[in-house]
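Per chain, numbering begins at 1; letters A, B, ... match sequence-line order. Small disclaimer: the values here were computed from a predicted structure and weren't measured.
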Amino acid sequence: MSAAITLPAGVELCHLPAQFPLAHGGVLAGASLAFERQGPVDAPVVVVLGGISAGRHVSAHRAVQGPGWWEGFVGEGQAIDTTRYSVLSFDWLGGAGCSTAPASGESFPFVGTEDQAAALAHLLTALRIEKVAALVGSSYGGMVGLQFAAAFPQRVARLCAIAAPHESHPQASAWRSVQRGIVELGLRTGTASEALALARGLAMATYRTPGELADRFSGPARWQGERVRLPVQDWLDARGADFADRWLPEQFLCLCASIDAHRVDPARIAVPCWLAAFVGDQLVPPPQVRELASRLPNLRAVREVRSRYGHDAFLKERLAVAALLREVLA
Amino acid sequence: MTRFASGQKAAKECLTGALQTGALQTGGTGTAASLSLATASSVGRDTTGFGSSGQSPGQSPGQGSAPRNEARPTLHLIGPGQVGREFLAQARALPVRIVAVSDSKATVFDRQGLDTAAIQQHKQDGGSLATLPRAEAIPTELAIGVVAADFVVDATPTSVAGTAAAVLRGRAALRGGAFLCLCGKNALAAAGPEWLLGSHRARLGIQAVLGGAGQALLRELDELRAQCSRLALVGNVTTTVIVQAIEAGASIEEGIAVARERGLLEPDPTLDLDGSDAATKLAAVFGAVFGEPWLAVPASARIGKQDLRSLDVGVVRERARRGATTRLVARASRDGADLRVGYEELPLGSPLAAPPDRVVYGYELPSGLRVHTGLALGYARTAGALVEDVAQALRTLEVTR
């Protein structure tokens, strides 16, 4: 097997073992993990992981300019202060970044959250990092964090899981199943890119709350010929098109399925844990996070934050999330 | 009969030349030679090999492990050494007929397909093909023309002395219209531009030459030729193993012993230790990416090289203590002014800081560093890379049909 990737300046690479075994069967041959580090190399390490569309670039730093997906949370003087911590993040296996992922039309083995956690463990070993000060994961990154803490408790001092459950909620899985069905239909009918954009539009609708969508997109329908056009459609189309420009359908299918297959026994997570849930999150409803909290043997805190941004609150609720991060790192 | 191009004329010329030079010595009589000529002039239609019966060594008519399917493309293996024998084993899964096998002394040939298991065993036992019934002791490049197989798989190990012969074999295969799968880097280093920049490119497999990264190079060659400004490679895993042993506290000699125990040293260990192996790979890739048909690729012997035995183990260990590592890196710039092979400090997150289970080729593009990795190390995986090349060519053939 041969693999080809393109690494932009400032991005580093970790070669995984030649035959990287996968938790649900099969192997990834010759895989690699693209990652970024910022902050002093000899400082305590904080691993920061986001949703499936987040990647290695958390925030702008000296080696890699340009905004990251968690600007305002990570950086000099921010809640995760890069003058005090070395911040490490990576591109998901199977995703749209620079790590090993399916190419167009290529079949790819199933990659679970366990596998992302195992890849992180290998990355730490390759960088000769025995133990990280904290792992902060949101959404899919939180799921991976829970798996990592369960599998490698000796390698993480604290876990902060934001909007992340121990297993996918059936309602969230229902929505994602429809998204995958749309993409698979697109692949079968030669309209994969359009299908991917449509699926992402549906996903966006599930990330937010009814109140937020009402505030932004209330308004009368427009008529385009005989077709109705609603204000929210422009937003969904734009977000969908943007996503389809950056992702391959096969990559979306890989990580979307990975979310739905996620399952970890909270009783196995002995690491001190901080959790956050957002009231209004349709994908990871607070009762599910409460259930997770009730089953964790070493829960330190669970915070519930009311937010009009729903699941996306981990990207938007800067004050509340920053307060939690400071508490974790105190 | 599936041919990438007609090889009939070339085959006839080759055999005629062999007769003129008296090189054709059959296991039997001159009659066999006459029959061989008939074979060569009717390539693809006869079922005889060099002899009249077409019977393979150790094979009774109608027996053998190779599928007797006339519609299958034909394959000629050169070099039934460790890699070649493993190739014979793995190639049984391919829809091809292995019709000829050549070693340094002779060729055995059966248009219907050879009993490759018998040949494998014979070579495994230390036998020479020349001792088999109906083996033909003609120069391999001539045998290539006579056999005129659809695929020529050259699994001959790399040796400096064998470079000219390897190039001759490759030319004979390509001239005859075959798809050439290479294993040795020396031929590609010497003839890369000639083969890769002309019409032969579509009929060349180099997956094994570059340790499993050859298909990626060919797939992206146009882009790399247009945009790559510099290249760097860590292509010698033996030195990576030795460096890692040194980082762990071993002496150079102990590190070499570790590499030898793992079976990683080339037959001539000097090639690994003095940097020649890495320099040859650099020359091969340089020729592919930066070379021009009219511009000679720098001979690997002229590339500046650092010998592993000159390495300061204290420096290597000090780098490791600082959280860095050391690798034998071969580098080249487009203008060829900066060609060198030496031990460099690398950050642990460098894509070139590869573990000893893979090779890494890096190509600097305006968009970033294009990284190709390969896992085809050791004889079994090298053979697997040759199989991948044949399989890839078969897929291409299927598409173009």
Please report the shortest heavy-atom distance between B/R381 and A/A18, naming the atom on each side. NH1-CB, 4.2 Å
Heavy-atom neighbours of B/R334 CZ exceed 12 at 6.0 Å: yes
Please classify the contact between A/A126 and chain B as side chain, backbone, both or neither, with a heavy-atom cut-off of under 4.5 Å. backbone
Got a sec: does the OH of B/Y379 have more than 12 other heavy atoms crowding it under 6.0 Å? no
With rounding to the nearest 0.5 angstrom, report the CG to CG distance, B/L348 to A/L123. 10.5 Å
If one checks every heavy atom of B/S367 against chain A at 4.5 Å, the contacting part turns out to be both
Mark yes or no for whether A/H15, through its side chain, and B/A353, through its backbone, hold a donor-acceptor pair below 3.5 Å. no
Hey, does the side chain of A/R128 reach the backbone of B/A320 with a donor-acceptor pair shorter than 3.5 angstrom? yes
Would you name the heavy atoms of A/A4 and B/E220 that are closest together and state the gap between them? CB-OE2, 3.4 Å
Is there side-chain contact between B/V371 and A/L13, with at least one heavy-atom pair below 4.5 Å? yes
Which residue out of B/G384, B/A385, B/P351 racks up the most heavy-atom pairs below 4.5 Å with chain A? B/P351
State the CG-OG1 distance between B/L365 and A/T6, to the nearest 0.5 angstrom. 6.0 Å
Greater than 12 external heavy atoms within 6.0 Å of A/E130's CD: no
Could you look at A/I129 and say if it's the side chain, the backbone, both or neither that has a heavy atom under 4.5 Å from chain B? neither
Could you have a look at B/P347, B/G368, B/G349 and say which one has the most heavy-atom pairs with chain A under 4.5 angstrom? B/G349
Of the listed residues (B/D357, B/L369, B/T325), which shares the most heavy-atom pairs with chain A below a 4.5 Å separation? B/L369
Which atoms of B/R370 are under 4.5 Å from chain A, going by heavy atoms: the side chain, the backbone, both sets, or neither? both
